[in-house]
Each structure stands twice: as structure tokens, then as C-alpha cells.
Number of protein chains: 2
Amino acid sequence: MAGENIQFREQLKKKGYKMTTQRQAILDVILQHEGEHLSTEEIYELVKKEHPDIGLATVYRTLLLLDDMELIYKLDFDDGCNRYELNRHKDDHRHHHLICTQCGGVEEVEEDLLESLEEQILKNYGFIVLNHRVKFYGYCKKCSENSPKKAGQD
Amino acid sequence: MAGENIQFREQLKKKGYKMTTQRQAILDVILQHEGEHLSTEEIYELVKKEHPDIGLATVYRTLLLLDDMELIYKLDFDDGCNRYELNRHKDDHRHHHLICTQCGGVEEVEEDLLESLEEQILKNYGFIVLNHRVKFYGYCKKCSENSPKKAGQD
DNA sequence: CAAGTTATTGCAAACTTTAGCAGCAAGGAT
DNA sequence: ATCCTTGCTGCTAAAGTTTGCAATAACTTG
Ligand SMILES: [Mn+2]
Ligand SMILES: [Mn+2]
Ligand SMILES: [Zn+2]
Ligand SMILES: [Zn+2]
């Protein structure tokens with residue numbers, strides 16, 4: 001996907017920012033790992049393979065920049081670090097995540113299905129929804145089959 | 001509300017944990033500030049008024065414990081610190097938050113309205129939803145009235 | 001209520017993320 | 001190609017959070 005690359009350069013120019021080898025390297029790593037939920041440290045280690053002199057702070061700053069531009073999305077799975085995923089532009093809104101409290105696995109939900117709730121929010125609160133972050137906690141298929149219990153926590 | 005207090009003591013005993021003056025003090029502060037979204041540091045400062053010798057690490061650990069017990073909920077408004085709110089037990093599931101990207105204001109949504117989406121998730125993914133975390137980003141009533149523009153970001 | 005067991009506390013160090021700063025590199029203009 | 005402006009980088013320090021550890025306080029039992 002070179003589309004993200006072109007879009008990145010255009011958005012940088014539009015905001016008066018500059019393209020650098022470090023930014024290119026970080027975006028490359030993310031593009032090469034589409035579908036994964038990489039942590040900042042993992043991205044740092046991957047980038048260092050090609051650019052051993054890059055600073056960790058630059059990785060943090062670049063990920064913040066890519067998140068602002070919505071080329072990537074920041075995730076919080078409560079595992080002590082930030083994670084990021086490529087915005088695949090399939091949908092207008094962010095996809096949801098299913099987090100299994102038993103095995104820790106993370107699945108993605110293709111369906112949005114929040115239109116009626118967003119209409120309700122506009123009607124009841126006058127709030128215009130532009131995007132959302134939705135996580136569901138519970139038992140994945142495998143875990144609910146293997147241990148057919150009922151106890152559960154968030 | 002002494003209900004939370006009793007529930008707290010019962011859950012501690014059931015898990016073999018102990019009630020301490022520090023834990024009581026922290027829960028008291030949270031109960032006295034129902035409806036607010038206090039940060040760890042803010043809770044620490046409030047607790048110190050009555051218990052000046054308490055350690056910050058104890059506050060962090062106790063908030064983690066209360067979150068595990070679902071007496072409180074951890075919030076992430078991307079403002080550089082963790083925030084917490086009392087679980088008011090009004091609903092089975094957590095309420096949603098509306099976050100205005102213009103003024104930074106946070107509103108709460110009473111309606112859940114996720115039943116059909118959760119059914120869809122069970123049908124399509126075999127995932128049993130126990131709880132969820134939902135944040136909507138956009139323009140609050142005031143901000144969308146004061147500046148009737150269209151541009152927007154997540 | 002005294003003794004014994006064990007979870008909890010406060011402190012300090014480690015870890016994750018952000019911010020400040022001087023030198024450097026990108027990109028526009030000549 | 002050279003100069004110039006300005007944003008960017010790497011380093012370091014700071015802020016926010018978690019973890020390890022010895023001393024302490026809470027609960028159990030007698
Ligand atoms: Mn995902
Ligand atoms: Mn709330
Ligand atoms: Zn699972
Ligand atoms: Zn607003």
C-alpha cells in the first residue's frame with residue numbers, strides 16, 4: 001500500500017511539516033505489519049533494525065503525529081503500554097474490539113451498528129458524533145466452549 | 001451510601017484481603033465525590049487531608065483493587081492521567097461518555113442501547129459480552145451551536 | 001487479649017510516556 | 001548548488017504508573 005505514503009506526504013505538506021527518514025521508516029514498519037497491534041517498544045525495535053540510531057522519543061512523537069492524522073489508531077488493552085494499528089480506511093468509523101478476559105485474545109468486529117445509538121445521542125443530548133472507541137469485554141468462542149461456567153468480571 | 005462500604009468489606013473478606021484505614025479513607029473520598037471523574041493525584045491530595053502519611057503507591061494500588069472489584073471504573077480521557085468514577089450500580093453495564101473534541105467537556109449517556117449489537121456479536125463471533133467501554137468523540141451541543149462548521153477530527 | 005500468620009504499607013527503583021533544549025536536516029528561494 | 005528559515009531529532013529530565021522489599025498492621029486462633 002503506497003496510498004498511505006502519498007497521503008502522509010500530502011498531509012505533512014498541508015500542515016507545514018517535513019518528511020524525514022525517521023518518519024518514513026516508522027510508517028514503513030507499520031505498513032509492513034498491517035493487522036497487528038504493535039506496542040511503541042515493538043515498533044522501536046523493528047525500526048532500529050534498519051535505522052539503529054533512531055531515538056525512542058522520535059518514535060513516540062511520530063506515532064502521536066500519525067494518530068493525529070488518523071493514519072493509525074492508538075489502542076488501550078490495559079497491558080501497560082500503548083499499542084497502535086493501521087487505519088485501513090475500510091469504514092468511516094473505527095472498528096470495535098472484542099477482548100477476552102479469560103485468554104486475553106483480541107478480535108475485531110467488522111460491523112459498526114451504532115447508527116441508531118448515535119441518532120439517539122444527537123436527539124437526546126444534541127451531541128454530534130464524529131467517531132467512537134468501543135471495546136467489548138467477555139468470553140471468546142473458544143474460552144466459553146472450553147469452560148462453560150458463568151462467573152465473570154470486567 | 002454505606003452500601004458500597006458493606007459490599008467492599010464483604011468482597012475483601014471473600015478474597016482473603018484485609019480492610020485497612022488507608023483503603024477506607026480512599027473509598028470515603030470517592031463516595032464523597034460521586035459524579036466526578038477524579039484523577040489519581042486528585043484522590044491522593046484529598047485523602048492526604050485526613051491521612052497525611054499515606055503513600056502515593058497505596059493510592060494507586062487501592063484504585064486498582066477497587067477497579068478489579070468493579071466498585072469504581074477507570075477512565076481514559078487522553079489527558080495524561082488515569083481517572084476514576086464510582087460505579088453507581090444503576091445499570092448492568094457501564095455508561096457511555098461523550099467527549100467534545102472542541103471544548104474537552106465530558107457528558108454521560110444514560111441509555112445503553114447496545115443489546116442488538118451484542119446479539120450480533122454473539123451470533124457472528126460466538127463472543128459472550130459481559131461489559132463494554134464506549135466513548136463517543138464529536139461536538140457537544142454548545143460547541144456545535146457556537147461554531148456551525150463542518151471540519152472535524154476524531 | 002496475646003501470639004502467630006499473612007496481607008499491606010511506605011519507600012525507592014524501574015518502567016512508560018511526555019516535555020525542554022541545542023544542534024541538525026528538510027525544503028523553499030535565490 | 002548555496003543559503004536561510006523552520007521544523008525535527010536525539011539526549012536528558014520530568015511526569016505518571018508499576019514493582020520489589022523490609023517493616024508494619026490486620027485478622028485468626030487460642
Ligand atoms: Mn484492531
Ligand atoms: Mn462518567
Ligand atoms: Zn478467550
Ligand atoms: Zn464542546
Side-chain angles (χ1 to χ4, degrees), chain A residues 5-6 8-29 37-48 50-69 71-84, chain B residues 5-6 8-29 37-48 50-69 71-84:
Chain A
N5 232 309
I6 293 164
F8 186 36
R9 295 185 117 90
E10 280 175 358
Q11 285 196 52
L12 285 175
K13 180 166 284 186
K14 192 161 62 182
K15 295 193 179 185
Y17 299 157
K18 293 169 179 172
M19 177 50 109
T20 66
T21 56
Q22 289 91 337
R23 286 176 175 171
Q24 183 66 66
I26 291 164
L27 180 58
D28 285 345
V29 162
H37 299 141
L38 296 177
S39 71
T40 309
E41 196 71 31
E42 287 166 348
I43 293 167
Y44 176 52
E45 291 302 326
L46 287 166
V47 173
K48 270 210 295 193
E50 299 292 324
H51 298 262
D53 296 335
I54 197 169
L56 179 56
T58 299
V59 177
Y60 273 102
R61 279 183 296 231
T62 302
L63 292 174
L64 212 64
L65 181 70
L66 290 168
D67 186 64
D68 279 347
M69 293 180 170
L71 280 165
I72 62 175
Y73 286 134
K74 182 160 79 162
L75 308 168
D76 178 19
F77 295 150
D78 279 308
D79 62 346
C81 61
N82 290 342
R83 295 185 174 277
Y84 293 89
Chain B
N5 233 308
I6 294 164
F8 186 36
R9 296 184 118 88
E10 280 174 358
Q11 285 196 51
L12 284 176
K13 180 165 285 186
K14 192 160 62 180
K15 296 193 179 186
Y17 299 156
K18 293 168 179 173
M19 178 50 110
T20 65
T21 55
Q22 290 91 337
R23 286 176 176 170
Q24 183 66 65
I26 291 164
L27 180 57
D28 285 347
V29 162
H37 298 143
L38 295 177
S39 70
T40 309
E41 197 70 31
E42 287 166 350
I43 293 168
Y44 176 53
E45 292 302 326
L46 287 165
V47 173
K48 270 210 294 193
E50 300 291 327
H51 298 262
D53 295 335
I54 197 167
L56 179 56
T58 299
V59 178
Y60 273 102
R61 278 185 293 233
T62 301
L63 292 174
L64 214 62
L65 180 71
L66 290 167
D67 186 65
D68 279 347
M69 294 180 169
L71 281 165
I72 62 175
Y73 286 134
K74 181 160 80 162
L75 308 167
D76 177 19
F77 295 150
D78 278 308
D79 63 345
C81 61
N82 289 341
R83 295 184 173 277
Y84 293 90

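Chain A is the first sequence line, chain B the second, and so forth, proteins listed ahead of strands; every chain is numbered from 1.
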By nearest heavy atom, map T20(A) and I54(B) onto DNA chain C; which one lands nearer the 5' end? I54(B)

Side-chain N,O (Y60(B)) to OP1/OP2 (dT17(D)) below 4.0 Å: yes

Can you find an N or O donor on one side and an acceptor on the other, under 3.5 Å apart, linking the side chain of R9(A) with the base of dG27(C)? no

Is any side-chain heavy atom of D28(A) closer than 4.5 Å to a side-chain heavy atom of N5(A)? yes

What is the distance from CG of D53(A) to P of dC24(C), rounded to the nearest Å? 14 Å

How many Å lie between CE on M19(A) and C1' on dG7(D), as a whole number? 14 Å

Measuring from the side chain of L64(B) (C-beta onward, heavy atoms only), which nucleotide among dT16(C), dC8(D), dT18(D) has the closest atom? dT18(D)

Looking only at side-chain atoms of Y17(A), point me to the closest of dT9(C), dC8(D), dT9(D). dC8(D)

What about R61(A), does its side chain sit under 3.5 Å from the base of dG10(D) through a donor-acceptor pair? yes

Spacing between D79(B) atom CG and dA15(D) atom C1', to the nearest angstrom: 13 Å

Between NE2 of H51(B) and C1' of dT9(C) the distance, given in whole Å, is 14 Å

Indicate yes or no: does D53(A) engage K48(A) in a salt bridge with an N to O separation below 4.0 Å. no

Separation of dG27(C) C1' from Q24(A) CD (nearest whole Å): 16 Å

Residues that L64(B) engages under side chain to side chain contact (heavy atoms under 4.5 Å, CB included), provided they are two or more places apart: none

Looking across every strand, which nucleic acid part, if any, lies under 4.0 Å from K13(A) by heavy atom: base, sugar-phosphate, or nothing? sugar-phosphate

May I ask you to decide if T58(B)'s main-chain N or O and T62(B)'s side chain share a donor-acceptor pair within less than 3.5 Å? yes

R23(B), nearest nucleotide to its side chain (from dT8(C), dT17(D), dG28(C)): dT8(C)

N82(A) vs dT16(C): side-chain N/O to OP1/OP2 distance below 4.0 Å: no

How long is the line joining CG of L63(A) and P of dT9(D), in whole Å? 12 Å

Hey, which of these two, G80(B) or L12(B), hits DNA chain C nearer its 5' end, going by closest nucleotide? L12(B)

Could you check how far NZ of K15(B) sits from C1' of dT6(C), rounded to whole Å? 18 Å

Please find out if less than 6.0 Å separates the ring center of Y84(A) from that of H37(A). no

Closest to the 5' end of DNA chain D, once K18(B) and R83(B) are matched to their nearest nucleotides, is R83(B)

L75(A) CG to dT17(C) P: how many Å, rounded? 13 Å

Between dT18(D), dT8(C), dT12(D), which nucleotide has the shortest distance from any of its atoms to the side chain of A57(A)? dT12(D)

Please check the phosphate of dA25(D) (OP1 and OP2 only) for any side-chain N or O of Q22(B) closer than 4.0 Å. no

Take atom CD in E45(A); do more than 12 heavy atoms of anything else shown fall under 6.0 Å from it? yes

